[in-house]
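Okay, so here's the structure we're looking at.
The sequence lines fix the lettering, A, B, ..., with proteins before strands; numbering per chain opens at 1.
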There are 2 protein chains.
Amino acid sequence: MAEVVRKSFRRRPKAERMAEIELAARQAFSTKGYNATSMAQIAEDAGISEGTIYKFYENKRDLLLVILLRWFEDVRNAHQLDLQKISGTRARVRAIIHRHLSAVIADPDLARLLFAEIRDFEYYRETELYQISRQYTRVLIDVLKEGIASGEVRPDIPLTLVRDVVFGGIEHHVSSFLSGYADIDLNAVSDDLCDLVMVGITVPAAPPPDIEAVVDRLERVADRLEAGKPEGGGG
Amino acid sequence: MAEVVRKSFRRRPKAERMAEIELAARQAFSTKGYNATSMAQIAEDAGISEGTIYKFYENKRDLLLVILLRWFEDVRNAHQLDLQKISGTRARVRAIIHRHLSAVIADPDLARLLFAEIRDFEYYRETELYQISRQYTRVLIDVLKEGIASGEVRPDIPLTLVRDVVFGGIEHHVSSFLSGYADIDLNAVSDDLCDLVMVGITVPAAPPPDIEAVVDRLERVADRLEAGKPEGGGG
DNA sequence: AACGTAAATGAGGAGTGCTCACTATAAGCG
DNA sequence: CGCTTATAGTGAGCACTCCTCATTTACGTT
């Protein structure tokens, strides 16, 4: 039997190999998308053989989930730190919007993977990534509840719907940006969306007439009449 | 050389074959998703060989696009007819929301395919489906512009953002429904979302002044006038 | 009845994710 | 230092994928 010639290789600590694999995978997934990326390509970029990847990750899907989880955990932690410094319902809502937009704009490719690829994985909801994602959007609901408690927010608003409108709205709005066809003004969009959620699109109800002033004038007129003087000034 | 035995087949008009293929494909895509559906399976369900599909459709992606296009055109047409009967900005916004929710709930699987699979296809934006989709969401923007013209809507609202918030919000909100984990109250959600977009989440502005007190004062002034004396005393 | 055309075929190519029997290596031990 | 051992690492190969195309068939027309 012919001897099988195998090329030599270096053994590396598990953690380092995983980091290399994840780096290669992240770049490939980001630039080419999930389906267009092959495990063979990732292995080559990471300088190992295909089989090695399966020593650390169950399968391709698992690899993507791990990558997105690491990224999302960072994003979430940054958000939580940020929010502690801000008070007032409106400012906090604005901060959540701003922060989320920033994260999506900073890593549009990973965000797109999360939006478009992961969501329809079977068992996504049994995933740790899903749990983190829930926690992440949960923050907005907590802020709204504080707002209700402090009287700034109507107590009858549908909380989960508001949450979905904010995050779904951002997702939709940024999708053109993700496709590279448009640019986004981070601050302007944050302000606009915050404003939209807070006061809606309807024209503000006509400000109530200043009844006090009117009565004051009436009184002055009455006084003049009482004083017996017919008329004072024309116009 | 051994003769290749081929089974007999029936020739059918192009249109009928295509209808059969699309039916089989639609069912398979709907129940199993895009990636989990194989062309071999579709061919078998349609009672033909795999190669025949490629006589009518460029590739698997094209087949899905055609199916979603047919469905979406129907949805759009129904919407347009519906909207003609309704007047008033708020009622029209509410109708758009209600109709879109209905369509998504009626065909959750196709909606999910549109949301999750299609969007990240390369060249999606060069697609007819994309154009129809633009037209479809465009209707909301037109309604908002009418609202601005009629004075019902603030003229400074960011139109595309409102559009994204409505459709993105719906998408997000029904994603739990699409996964089969929750149910949706069509009318309640329509009302809530419409309300949210129209007036936001903030508590309504300043309470009206105390009219009673003002009227009392007016009456006192009138009494004074009648009595012609500086003090009149109320009743 | 023969023909031409277009429908239909299915083996096979190039690629995929993934497995597994196997080998090479570094760390721990004497 | 060698010896053992656990395990990182391999890569041929399996079962599958989408898709092509030379070939075969059925049908409307003449």
Can you give the donor-acceptor pairs under 3.5 Å from side chains of residues 44-53 of chain A to other protein atoms, not counting sequence neighbours?
unit_1   : atom_1 : unit_2   : atom_2 : d
Asp45(A) : OD1    : Gln41(A) : NE2    : 3.0
Ser49(A) : OG     : Thr52(A) : OG1    : 3.4

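If you measure from atom CE of Met39(A) to atom C1' of dG11(D), you get 15 Å, rounded to the nearest angstrom. To the nearest angstrom, P of dT29(D) lies 12 Å from CZ of Arg11(B). Ile42(A) places its CD1 atom 10 Å from the P atom of dC18(C), with the value rounded to the nearest Å. Between Ile48(B) atom CD1 and dG10(C) atom P there is a gap of 11 Å when expressed in whole angstrom units. To the nearest angstrom, C1' of dT23(C) lies 7 Å from CZ of Phe9(A).
For Arg70(A), the salt bridge (Lys or Arg N to Asp or Glu O under 4.0 Å) test picks out Glu22(A), with sequence neighbours left out. With sequence neighbours left out, Phe115(B) forms a ring pair (Phe, Tyr, Trp, His ring centres under 6.0 Å) with no residue at all. Every residue was checked against the salt bridge (Lys or Arg N to Asp or Glu O under 4.0 Å) condition with Arg163(A), not counting sequence neighbours, and none meets it. In terms of the side chain to side chain contact (heavy atoms under 4.5 Å, CB included) criterion, residue partners of Lys14(B) (sequence neighbours excluded) are, by chain and number, Met18(B), Phe56(B). Applying the side chain to side chain contact (heavy atoms under 4.5 Å, CB included) test to Thr202(A) and every residue at least two apart in sequence or in another chain returns Met198(B), Val199(B). Shown here are the ring pair (Phe, Tyr, Trp, His ring centres under 6.0 Å) partners of His100(B), two or more places apart in sequence or in another chain: Tyr136(B), Phe167(B). Applying the salt bridge (Lys or Arg N to Asp or Glu O under 4.0 Å) rule to Arg92(A) yields the partners Glu146(A); only residues at least two apart in sequence or on another chain are considered.
Within residues 12-22 of chain A, the residues approaching DNA chain D are Arg12(A), Arg17(A), by heavy-atom distance under 4.0 Å. Using a 4.0 Å cutoff on non-hydrogen atoms, the parts of residues 26-38 of chain A near DNA chain C are Thr37(A), Ser38(A), ordered by number. The stretch residues 49-65 of chain A touches DNA chain C through Glu50(A), Tyr54(A), Asn59(A), Lys60(A), each having a heavy atom within less than 4.0 Å of the strand.
For Arg10(A) against dT25(C), no side-chain N or O and base N or O form a donor-acceptor pair under 3.5 Å.
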TODO: Determine, stepwise, if the pair Asp191(A) / His98(A) fulfils side-chain hydrogen bond (donor to acceptor under 3.5 Å, both in side chains).
DONE: CA-CA 8 Å; Asp191(A) 288 334; His98(A) 188 274; over 6 Å; no
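Every pair tested for salt bridge (charged side-chain N to carboxylate O under 4.0 Å, His left out) that includes a residue from residues 27-41 of chain B fails, sequence neighbours excluded, so the list is empty.
Taking the centre of each ring, Tyr34(B) and Phe121(B) come in below the 6.0 Å mark.
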